[in-house]
Amino acid sequence: MKPEAKALKSGLFIERDRLDDHRAPVCCDADTLQVSRSQCLPQSLSYRFSFPDTPVEVIVDLLTKAKEIATACGSVPEDLTSHLQKALDIASGLDPYLEEITTQESEPLAELYKKTMSHDWDQVYKDGKTLFRLPKECITGHVEGQTLKMLIHMSQAKRVLEIGMFTGYGALSMAEGLPEDGSIVACELEPYLKEFAQPIFDKSPHGKKITVKTGSAMDTLKELAAAGEQFDLVFIDADKSNYINYYNFIMEHNLLRLQGVICVDNSLYKAKVYLKDATDSNGLALRHFNQCVSRDPRVEQVIVPLRDGISLIRRVSVVSERSSMQGTITDDEVFRGVKGRSILERMRLDGKVAYVTGGGQGIGRAFAHALGEAGAKVAVVDMDQAKAEAVGRELLLKGVHAISITADVSKPDDVQKMVDTIVSKWGGVHIGCNNAGINVNSASEDTSLEEWDKTFSVNLRGTFMCCQAAGRVMLKQGYGKIINTASMASLIVPHPQKQLSYNTSKAGVVKLTQTLGTEWVDRGVRVNCISPGIVDTPLIHSEDLRPLVQRWLSDIPAGRLAQVTDLQAAVVYLASEASDYMTGHNLVIEGGQSLW
Ligand code: NAD
């Protein structure tokens, strides 16, 4: 929360019971008095802890008073006053420091904050535009907003549910952390707040990810459950008395997906949750909520003591709940995952070392990125040094361990050097993508031996040499995955272009793959190949081939050329342990073209 907001909020102990259909129309001074919403919120208040709000502010307030007493009373030892001052410095410096050091908010967030703080909420309420007098201090501030954004990134959430949007600062912060196709459903009781936030959402490139549902949050939850919706992250920041109802509903109706997280704001509620003499209803509601969650065997929770506390609650794995369901489940590898790992985890390539030949552009570049994203270290190999280096840099930028190697796969020395370099750098090689290839077109009666030899020396001889050099290392390791790039041209005769040597060389790649795949599998090395259809890469942008695109399209049931990204999942699958029973296979990805 921004310092000014913090000042105002702290000065008042305001709790806006958002989305509470049964709430009394009050904002409250939590310590002493209940005042009507229209009575609260004088516009100018000083922060100096007259009404501390969070546990840290309570501590600062008490230390300030203690120090004043100590200073006023002449007989207090100087040491005690100096210790009090040090404690005060530490406590009072914390929030401003977090504010200063946390990454700054985006422009739309800053604008939303300013708009919220300068809006005349009193007038809006008096004009009957809102059901309640809304205190602007309820805005999720800068530090909490960035914390939510970070949580979204860390949990790799794509679908978010927010219960209690207010003016949308939290929703927009989370939207900024979501991927492009991510989305947030934000529940807000007051329709006025949707109108208020929407123009700024529209200004942000992330605003389109937010859908605001106005009205009772519980009604919205019921709607979402009936529609079978699930969320990766749920943020609850609404009426405290209903926290437990929202939580129970979410858990019982599976609105939270298996690996999902629930974040709950204000879970330390001004320290009332653990102070024995606390009596105010919101504090007691939060205390009850925290207890229920801590006893719920379905979840684990921690409370992060940021500002007024943020609970992070995650479902424990189904496997650890199985003892309570003994007899009703089949507790095998299908249920618990192979070595306890789910199917997507089994496709990860963490700790594996991979190389991709022809990795400087096109399909090879897409393979290199896919393997790196899945966790492998990647050597980008290409005869074009600049291209290999450029892709290597892209991977490093993404946080992938990467090197670039210049090698011509048609040269035995280059191939051996490539494997030696990788082994000496990373200690082994687990995944070999032999992808470099060339395509020269000519009518068969005119095909020169030179063209034939050149094509074969890269496409088939080069692939064989790479398989052999990497295979020797893999056989010694007792583990390896080789993925060769063949082509649909190994199965059908693509037309009308004439490419005898290419087609024949790629058919050779498939037979090479089948032979090695069966010969090496009992020593832990699987060899498979991928046969793409026509892929939109520089290879087909040659002067000869470019005019043929329209003709090809009419031969493709999928109605379009393949993009390199269409092939990425296949290479990760074949590189991962999930495909360990697959060997000598030709995985055809051609939009159905070979079937027509
Ligand atoms: P591309 O021409 O876009 O990229 C090939 C890369 O390989 C280039 O960076 C090039 O410098 C490199 N290269 C070429 N010869 C090399 C050699 N001797 N040693 C090392 N590097 C070399 O090609 P692409 O479309 O990405 O194709 C990659 C593979 O996929 C090839 O084997 C190709 O036959 C196959 N394939 C492509 C298509 C398609 O439609 N593009 C379809 C099926 C199969």
Side-chain angles (χ1 to χ4, degrees), residues 355-370 379-392 394 404-418 432-441 453-467 469 483-494 497 499 501-510 512-513 529-542 544-546 548-549 552-553 555-556 560-568 570-571 586-591 593-594:
Y355 73 81
V356 183
T357 67
Q361 69 177 36
I363 295 169
R365 172 172 170 260
F367 281 179
H369 274 266
V380 182
V381 183
D382 206 290
M383 65 191 293
D384 185 323
Q385 182 178 353
K387 284 181 180 166
E389 284 173 358
V391 175
E394 288 173 5
S404 56
I405 298 174
T406 312
D408 179 342
V409 299
S410 67
K411 295 184 176 159
D413 288 351
D414 278 19
V415 170
Q416 193 54 51
K417 238 190 326 197
M418 164 189 89
C433 288
N434 303 314
N435 165 79
I438 53 170
N439 184 2
V440 186
N441 297 125
D453 288 344
K454 191 176 160 199
T455 305
F456 269 69
S457 73
V458 179
N459 292 6
L460 188 53
R461 188 167 176 267
T463 300
F464 163 63
M465 289 193 296
C466 290
C467 284
I483 303 133
N484 297 322
T485 304
S487 166
M488 175 184 66
S490 67
L491 292 174
I492 65 165
V493 178
Q497 70 277 23
Q499 45 181 39
S501 42
Y502 182 82
N503 296 348
T504 318
S505 70
K506 290 298 184 179
V509 171
V510 174
L512 172 83
T513 301
C529 61
I530 294 176
S531 275
I534 303 172
V535 191
D536 193 1
T537 69
L539 188 97
I540 61 156
H541 287 203
S542 67
D544 289 345
L545 296 181
R546 213 177 316 123
L548 305 180
V549 171
W552 290 332
L553 286 178
D555 284 341
I556 305 173
R560 65 170 176 88
L561 300 183
Q563 296 300 317
V564 292
T565 46
D566 290 320
L567 309 172
Q568 288 180 302
V571 81
N586 183 17
L587 186 49
V588 183
I589 304 172
E590 33 57 302
Q593 187 173 358
S594 67

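In what follows, every heavy atom counts, from backbone to side chain, and hydrogens, waters and symmetry copies are set aside. Just so you know, residue 1 is the first one in the sequence shown, and it goes up from there. Atoms within each ligand, like the ligands themselves, are counted from 1 in listed order.
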Residues that D453 engages under side chain to side chain donor-acceptor pair (under 3.5 Å), provided they are two or more places apart: none

Sub-3.5 Å N/O-N/O distance, D408 and ligand 1: yes

Heavy-atom gap G359 to ligand 1 smaller than 4.0 Å: no

Side chain to side chain, V564 and I363, heavy atoms closer than 4.5 Å: yes

For T485, atoms of ligand 1 separated by under 4.0 Å from a heavy atom: 29 (C), 30 (O), 35 (C)

N/O separation below 3.5 Å, D382 to ligand 1: yes

Closest protein heavy atom to atom 7 (O) of ligand 1, given as residue, atom name and distance to 0.1 Å: G358 CA, 3.2 Å

Any N/O pair N435/ligand 1 closer than 3.5 Å: yes

Donor-acceptor pair, side chain of K506 and main chain of L491, under 3.5 angstrom: no

Audit row: V510, C529, side chain to side chain contact (heavy atoms under 4.5 Å, CB included) steps and yes/no: CA-CA 7 Å; V510 174; C529 61; 4.1 Å; yes

Main-chain N/O of M383 paired to T406 side chain as donor or acceptor, under 3.5 Å: no

Residue G437 vicinity, atoms of ligand 1 by number, heavy atom under 4.0 Å: 31 (C), 32 (O)

Part of V409 within contact of ligand 1 (heavy atoms, under 4.0 Å): both

Test of proximity, D384 against ligand 1: N or O pairs below 3.5 Å: no

Modelled atom types, side-chain donor and acceptor of H369 and E394, under 3.5 Å: yes

Contact check, M488 vs ligand 1, heavy-atom distance below 4.0 Å: no

Numbered atoms and elements of ligand 1 in range of A407, under 4.0 angstrom, heavy atoms: 19 (N), 20 (C)

Side-chain H-bond candidate by donor/acceptor type, N484 with T513, under 3.5 Å: yes

Test of proximity, I363 against ligand 1: N or O pairs below 3.5 Å: yes

From D536 atom CG to D566 atom CG, the distance as rounded to the nearest 0.5 Å: 10.5 Å

Ligand 1-proximal atoms of A562, by part, heavy-atom distance under 4.0 Å: neither

Residue portion contacting ligand 1 (non-hydrogen atoms closer than 4.0 Å) for T537: side chain

Check: D555 main-chain N/O paired with Q593 side-chain donor or acceptor under 3.5 Å: no

Residue and atom name of the nearest protein heavy atom (relative to atom 40 (O) of ligand 1), distance in Å to one decimal: V535 N, 2.7 Å

Atoms of ligand 1 close to G362 [distance to a heavy atom under 4.0 angstrom, numbered from 1]: 26 (O)

Element-labelled atoms of ligand 1 that are located less than 4.0 Å from some non-hydrogen atom of I534: 40 (O)

Protein heavy atom at shortest distance from atom 42 (C) of ligand 1: G533 O, 3.0 Å

For atom 5 (C) of ligand 1, the option (of R365, Q361, K506) bearing the nearest heavy atom: Q361

Interfacing atoms of ligand 1 (cut-off 4.0 Å, heavy-atom, V458): 18 (N)

Trace of the side chain to side chain contact (heavy atoms under 4.5 Å, CB included) decision for V356 with V380: CA-CA 5 Å; V356 183; V380 182; over 6 Å; no

pair Y355-I405: side-chain heavy atoms closer than 4.5 Å: no

Whether S457 side chain and S410 backbone form a donor-acceptor pair below 3.5 Å: no

Shortest protein contact, atom 33 (C) of ligand 1 (heavy atom only): Y502 OH, 3.6 Å

Residues forming a side-chain contact (heavy atoms from CB on, under 4.5 Å) with K454, sequence neighbours excluded: I438

Pair N586-S531, side-chain donor/acceptor within less than 3.5 Å: yes

Short N or O distance, M383 and ligand 1, threshold 3.5 Å exclusive: yes

Side chain, backbone, both or neither: the part of A486 lying under 4.0 Å from ligand 1 by heavy atom: backbone

